Amino acid sequence: MSRILIFDTTLRDGEQSPGVTLNIQEKLQIARQLALLGVDVIEAGFPIASQGDFDAVRSIAEEIKGVTVCALARALEGDIERAAQALKGAEKPRIHVFLATSEIHRKHKLKKAKEEILKLAAHAIKYAKGFVKDVEFSPEDASRTEPPFLKEVVETVIDAGATTINIPDTVGYAVPEEFAELIRFLKREVKNISKVVLSVHCHNDLGLAVANSLAAVKAGATQVECTINGIGERAGNASLEEVVMALRTRKDFYSYTTGIATKEIMNASRLVSSLTGLRVQRNKAIVGENAFAHSSGVHQDGIIKERATYEIIKPEDIGLKKTRLPLGKLSGRKAFLERLKELGLDHALSEEDLEVAFREFKVLADKKKSIHDADIEAIVIDLMEEIPPVFRLESLNIICGPNTVPTASVRLRTKDNKVIENATIGDGPIDALYKTIDLLTDVPGKLLDYHVRAITSGKDALGEVNVEVEVNGELLRGRAVSCDIIEASAKAYLNAINKLIQRTQKSPGQKT
Ligand code: KIV
Ligand code: ZN
């Protein structure tokens, strides 16, 4: 059975989801999990876009072995040089060059004629080949490009040395039959197509990213570009877990395998969701909370009699484990470290931070009887801050209740160790709290979204707060966890503000 290559772009296209910014430690943690998952290619970032992206690609290239590490570049020498520098430490480096080919992009965005596009693309590939052997080319907006011109572009870049040709449905416009036909057309008409891997990259604007990717596989594509949980620009990309589980569950129809260790899917999904702050919709295929929940009596009866009546995938095949016994205040360092290992988090922290994590675990265990996996994940993820935040919460006091003017007083510690404090009133406790933080940080945030949820069951559960904040037109997400949801609310808001400050300190760049 032949194999479909899985190209993961969670760290590049996925990170382009509005409001998502991952720091280097977080990106490394995701890259380690992708390697455990067995993806063939990790697209680690777009090095010219910012110093942060460059450093993340470099760290991933240096640490992650056995997997192709890829960096994105426009068809410009500067972009390609930066990608090559970031990939220096990689065992298997790939440069991914993209250039738009559709009429709408040529005319309005690039203002270039077809001949110029052909020249630029060929030059970029030859230039990239001067640095690495493995060069991928994407004709951006391929699905809206005139097929004869697309054929010409693809032939030209293969002659120039491209080793993978990726056909993006950049704006999620394609429908399955038509997209499959485009792949068949390229396989039939491009004279040198057999020299390359033919790949697809589908966006989900019409909810068809996975369907289009699978149709393309049926038509002969052998690499699929996708992201964990389907995150990505606008409505997202094809979801890795859906593509992989469709190929696996319906191998009678597709006759393909992948190298994915499917038991790592849930770990990958949870990690990406926690670190990006993008929650997985409850009824999402494969990894949603309801994906294996049967509520109707008829279904439950069927499942009890024979699981296959209503279940096409075994939950354990994607790594859904039976709940492990919770830890408690009598659990020692060994049990704690063992659990981190089982959760794949043992390499997430330095020795020093592991000690801090253990101390925090003990403090939490004093407050709450049972410590579940989600509690432990929350402790570790909170400690994965890469650089000291500019503002840290020292203390807060909230007054609220019926017939009371909600008032918040907040004390923050700044990076240079100054303590600042202020108080103000608001329409409710969160309004008062966030207004006070705005006064203290001098960063006027507009709260676009606010969610609080218990991460485990029980009244003593940790509360997780996710916020989406807009500051001067920039969208940021923040997340924090605490037994006290007001404290978590303050920390989540500060987390977003600290990210903004961190982001403005990076070198200016351009995302795709
Ligand atoms: O969607 C797209 O066209 C892209 C390219 C850079 C491959 O992400
Ligand atoms: Zn894309």
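What you are looking at is a predicted structure, and each value in this text was computed from that prediction instead of being measured. Every number for a ligand or one of its atoms is a count from 1 in the order of the listing. Sequential numbering from 1 along the given sequence is applied to the chain's residues. Just the heavy atoms: all of them, side chains too, but no hydrogens, waters or symmetry mates, feed the values below.
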Trainee: Tell me, please, whether Phe149 has Arg106 positioned over its six-membered ring: NZ or CZ under 6.0 Å from the ring centre and within 45 degrees of its axis?
Mentor: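 That pair qualifies as a cation-pi contact.
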
Trainee: Got a second to check how far Glu225's CD is from Glu136's CD, nearest 0.5 Å?
Mentor: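 Result: 4.5 Å between the selected atoms.
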
Trainee: Just let me know how His203 lines up against ligand 1, side chain, backbone, both or neither, with a heavy-atom cut-off below 4.0 Å.
Mentor: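 Just the side chain.
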
Trainee: With Gln85, which residues qualify under side chain to side chain donor-acceptor pair (under 3.5 Å), at least two apart?
Mentor: Arg82

Trainee: Look at the rings of Tyr493 and Tyr434 and say which category their plane angle falls in: under 30° parallel, 30 to 60° tilted, over 60° perpendicular.
Mentor: parallel

Trainee: Number the atoms of ligand 1 from 1 as they appear, then name those within less than 4.0 Å of a heavy atom of Glu140, with their elements.
Mentor: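 The list of qualifying atoms is 3 (O).
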
Trainee: Please confirm whether His96 approaches ligand 1 to less than 4.0 Å, judged on its heavy atoms.
Mentor: yes

Trainee: Could you tell me which atoms of ligand 1, counted from 1 in the order shown, lie closer than 4.0 angstrom to a heavy atom of Asp13?
Mentor: 8 (O)

Trainee: With heavy atoms only and a cut-off of under 4.0 Å, state how Arg12 meets ligand 1: side chain, backbone, both or neither.
Mentor: side chain

Trainee: Can you see which heavy atom on Ile125 is nearest to which on Val97, and at what distance?
Mentor: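 Heavy atoms only, the tightest pair is CD1-CB, 4.2 Å.
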
Trainee: Taking distance alone, with no angle check, do His201 and ligand 1 share an N/O pair under 3.5 Å?
Mentor: yes

Trainee: If you measure every N/O of Asn166 against every N/O of ligand 1, is any gap under 3.5 Å?
Mentor: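 No, Asn166 has no N/O under 3.5 Å of an N/O on ligand 1.
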
Trainee: Report yes or no: do Tyr450 and Ser489 form a side-chain donor-acceptor pair below 3.5 Å?
Mentor: yes

Trainee: What atoms of ligand 1 come closer than 4.0 angstrom to any heavy atom of Ser138?
Mentor: 7 (C)

Trainee: Go around the Zn ion (ligand 2) and count every protein N, O or S atom nearer than 2.8 Å.
Mentor: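 The number of such protein atoms is 3.
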
Trainee: With sequence neighbours excluded, tell me which residues meet ring pair (Phe, Tyr, Trp, His ring centres under 6.0 Å) with Phe292.
Mentor: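 With neighbours one apart ignored, the set is empty.
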
Trainee: Can you name the ring pair (Phe, Tyr, Trp, His ring centres under 6.0 Å) partners of Tyr254, sequence neighbours left out?
Mentor: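 Testing Tyr254 for ring pair (Phe, Tyr, Trp, His ring centres under 6.0 Å), a comparison that skips the adjacent residues, returns none.
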
Trainee: Angle between ring planes, Phe131 versus Tyr127, binned at 30° and 60°: parallel, tilted or perpendicular?
Mentor: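 Taking Tyr127 first and then Phe131, their aromatic rings stand perpendicular (interplane angle over 60°).
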
Trainee: Go through the steps for His203 and Asp13 under the test side chain to side chain donor-acceptor pair (under 3.5 Å), then give the verdict.
Mentor: CA-CA 10 Å; His203 279 270; Asp13 225 338; 3.2 Å; yes

